[in-house]
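Notes to accompany the following structure.
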Amino acid sequence: MKIETVTCKGVSECNEDAVIINDNSSVYGVADGASSIIPFFTQENETGGYIASNLVKNYYESLQHCDSFLDDFAKINMQLQTKMKEYHIDTSKKEQLWGTALALVKISPNRIDFIQTGDCMIFAVYDSGFVRVLTRAQTEFLEGVAINKWKELIDKGIHKQKDLRESVEDVLLSIRQTSNTFAGYGVLNGENDAVDFIEFGKINRNGLKHLVIVTDGLFLPKECVSEQDCYWEVMISKILSKGLQAYANDLIELEATDPECVRYPRFKMSDDKTGVWITF
């Protein structure tokens with residue numbers, strides 16, 4: 001088994017993504033921290049999103065045996081709730097919560113167990129070349145509302161990322177209010193309901209060649225994929241042909257050509273980027 005990983009900081013103060021590698025328990029994955037809407041930093045200049053994603057990383061990388069993703073998720077969720085209370089975060093207010101999306105796999109001789117929340121993604125690629133999408137980006141349809149507004153503002157002549165971001169801030173705040181509800185998305189953020197909105201499952205390993213696990217920072221701009229092509233298949237094909245590091249480098253280079261986020265509408269010039277590629 002061969003493993004390739006990548007993690008790159010975006011334009012924010014720190015990299016809120018985390019790579020998770022535990023060969024002893026055969027657990028691999030990524031976490032994508034989400035800071036509170038209300039700014040928070042520790043004395044060490046760590047954000048809540050950084051703390052949340054690294055809580056997941058530290059938990060799984062110190063685990064000797066992984067018997068139940070669901071039980072582990074519940075434990076980490078309570079640890080995050082406790083950590084926020086230590087910093088006097090009002091956990092009844094969603095805009096103050098720290099959180100993290102995550103995507104993890106546990107590899108067994110005959111099967112793959114997986115768990116996902118937020119907009120991290122897991123793909124299985126088979127000997128035939130078939131790309132199987134195991135998860136869904138849970139925030140995509142919500143953020144689409146903000147992106148559509150972003151595009152409308154561009155058409156009206158607003159071409160500065162700062163101005164565009166300020167104009168959709170109300171939409172982004174409303175999205176945060178839907179965490180772990182039927183109208184929204186699942187995320188590990190210390191809320192008691194978080195355990196009810198995770199997605200998980202298992203597949204067998206018949207004909208399985210690759211597993212690719214990524215945070216949303218590695219998503220290819222939709223404008224780069226024709227409507228006739230399958231978006232996920234195009235993205236995975238580029239990752240497998242280039243390798244994770246080269247793919248990430250090319251994406252960062254592409255984003256740098258559009259610093260105001262006008263040609264490729266998105267909320268920041270460059271997001272944190274993290275991925276794990278496993279070849280059997």
*Is it possible for you to say whether Ile158 and Trp150 belong to one hydrophobic cluster, with membership spreading through side-chain heavy-atom contacts below 4.5 Å?*
yes
*Considering non-hydrogen atoms only, spot the tightest contact between Ile154 and Pro265 and give its length.*
CD1-CG, 4.5 Å
_Lys94 with Glu191: basic N within carboxylate O range, under 4.0 Å_ = yes
*With the threshold set at 4.0 Å, does a side-chain nitrogen-carboxylate oxygen contact exist between Glu152 and Lys156?*
no
*asked:* One pair to check against side chain to side chain contact (heavy atoms under 4.5 Å, CB included): Val6 and Tyr247. What are the steps and the verdict?
replied: CA-CA 10 Å; Val6 68; Tyr247 172 85; over 6 Å; no
_Residues Trp277, Tyr28; criterion ring-ring contact (aromatic ring centres under 6.0 Å, His included); working and verdict_ = CA-CA 9 Å; Trp277 171 16; Tyr28 307 92; over 10 Å; no
_Cluster overlap Met78 with Ile198, hydrophobic side-chain contacts below 4.5 Å_ = no
*Counting N and O atoms only, with roles assigned by atom type, does the side chain of Glu4 sit under 3.5 Å from a partner on the main chain of Leu244, one being a donor and the other an acceptor?*
yes
_Cation-pi check for Tyr231 against Lys222: NZ or CZ below 6.0 Å from the six-membered ring centre and within 45 degrees of the axis, yes or no?_
yes
*Tell me, with the steps shown, if Glu16 and Cys14 meet side chain to side chain contact (heavy atoms under 4.5 Å, CB included).*
CA-CA 6 Å; Glu16 294 184 324; Cys14 63; 4.2 Å; yes
*Phe69 and Phe114: ring-ring contact (aromatic ring centres under 6.0 Å, His included), yes or no, with the steps?*
CA-CA 8 Å; Phe69 270 146; Phe114 67 90; 8.7 Å; no
*asked:* Any carboxylate oxygen within less than 4.0 angstrom of a Lys/Arg side-chain nitrogen, looking at Lys149 and Asp170?
replied: yes
_Walk me through whether Phe197 and Tyr185 qualify under ring-ring contact (aromatic ring centres under 6.0 Å, His included)._
CA-CA 7 Å; Phe197 289 90; Tyr185 62 100; 9.5 Å; no
*asked:* Starting from Ile236, can I reach Leu220 by hopping between I/L/V/M/F/W/Y residues whose side chains sit under 4.5 Å apart?
replied: yes
*Given Cys8, which of Thr274, Leu218, Ile252 fulfils the side-chain contact (heavy atoms from CB on, under 4.5 Å) condition?*
Ile252
*Please name the pair of heavy atoms, one in Ile76 and one in Leu55, separated by the smallest distance, quoted to 0.1 Å.*
O-CD2, 4.0 Å
*Output yes when Asp17 and Lys273 qualify as a salt bridge under the 4.0 Å nitrogen-oxygen rule, no when they do not.*
no
*Would you verify whether the NZ or CZ of Arg132 falls within 45 degrees of the ring axis of Tyr126 while also being under 6.0 Å from that six-membered ring's centre?*
no
*Could Arg136 and Glu199 be called an ion pair, given the rule that one side-chain N must be under 4.0 Å from one carboxylate O?*
yes
*side chain to side chain contact (heavy atoms under 4.5 Å, CB included) between Gln177 and Glu95, intermediate numbers included*: CA-CA 7 Å; Gln177 299 302 316; Glu95 64 271 17; 3.1 Å; yes
*For the pair Trp98 and Tyr50, evaluate ring-ring contact (aromatic ring centres under 6.0 Å, His included) and give the outcome as yes or no after the intermediate values.*
CA-CA 9 Å; Trp98 315 337; Tyr50 175 90; over 10 Å; no
*Same hydrophobic cluster for Leu134 and Phe130, using side-chain heavy-atom links shorter than 4.5 Å among ILVMFWY?*
yes
*asked:* Is there a side chain to side chain contact (heavy atoms under 4.5 Å, CB included) between Asp216 and Asp32? Walk through the geometry before answering.
replied: CA-CA 8 Å; Asp216 67 331; Asp32 180 359; 2.8 Å; yes
